[in-house]
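In this text the structure is predicted, and so the values were computed from the model without any measurement. FYI, the numbering just counts along the sequence from 1.
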Amino acid sequence: MMVPTALQFLLNFLGILTTPRSSTYFSFVTSFLFWIGISFEMPLVIFFLAKLKLVTAGQLLRGWRYAIMGVVTLAAVVTPTIDPINMMIVAVPLFVLYLLGIMLAWFA
């Protein structure tokens with residue numbers, strides 16, 4: 001679902017029609033799917049860290065400010081453009097995944 005939407009946006013950015021090369025297309029899609037897949041594993045990693053008693057839900061909840069700074073910094077590095085809207089499209093789901101990780105840590 002994310003790849004066609006991202007490609008449509010990026011290929012028509014600022015009204016400039018772009019035709020990607022196959023090498024750049026495959027490297028972009030592979031990288032994009034890799035990082036999305038890694039980010040969706042974050043709640044499971046937090047769950048297992050809590051299961052091993054390395055972190056607790058309380059610690060993670062108290063560190064929400066640091067989590068926001070980390071998520072926003074990561075989103076700024078990962079996004080292909082410099083606009084804050086695109087960055088927030090990446091940052092908000094990452095922070096929601098962090099909160100889901102806190103909930104899973106509480107269950108652990």
S.K.: Any chain of hydrophobic side-chain contacts (each under 4.5 Å) joining F34 to V29?
M.R.: no
S.K.: Which atom pairs, donor and acceptor, lie under 3.5 Å between side-chain atoms of residues 39-49 and protein residues at least two apart or in another chain?
M.R.:
| residue | atom | partner | partner atom | Å |
| --- | --- | --- | --- | --- |
| S39 | OG | W35 | O | 3.3 |
| S39 | OG | I36 | O | 2.8 |

S.K.: Could you tell me whether the side chain of L99 reaches within less than 4.5 Å of the side chain of I102, counting heavy atoms only?
M.R.: yes
S.K.: Whether the side chain of T30 engages the backbone of F26 through a donor-acceptor N/O pair (distance < 3.5 Å, no angle test) should be reported.
M.R.: yes
S.K.: Flag yes if more than 12 heavy atoms outside M69 fall under 6.0 Å of its CE atom; otherwise flag no.
M.R.: no
S.K.: Would you say W64 and Y66 are hydrophobically clustered, going by side-chain heavy atoms of ILVMFWY under 4.5 Å?
M.R.: no
S.K.: A side-chain contact here means heavy atoms from C-beta on lying under 4.5 Å apart; do Y98 and L60 qualify?
M.R.: yes
S.K.: For V71 and A91, work out which heavy atoms get closest and say how close.
M.R.: CG1-O, 3.2 Å
S.K.: If you compare all heavy atoms of A76 against all heavy atoms of M87, which two are closest, and at what distance to 0.1 Å?
M.R.: CB-SD, 3.6 Å
S.K.: Just jot down the side-chain contact (heavy atoms from CB on, under 4.5 Å) partners of L74, sequence neighbours excluded, or say none.
M.R.: V78, L94
S.K.: How would you list, by chain and number, every residue that makes a side-chain contact (heavy atoms from CB on, under 4.5 Å) with R62, sequence neighbours excluded?
M.R.: Q59
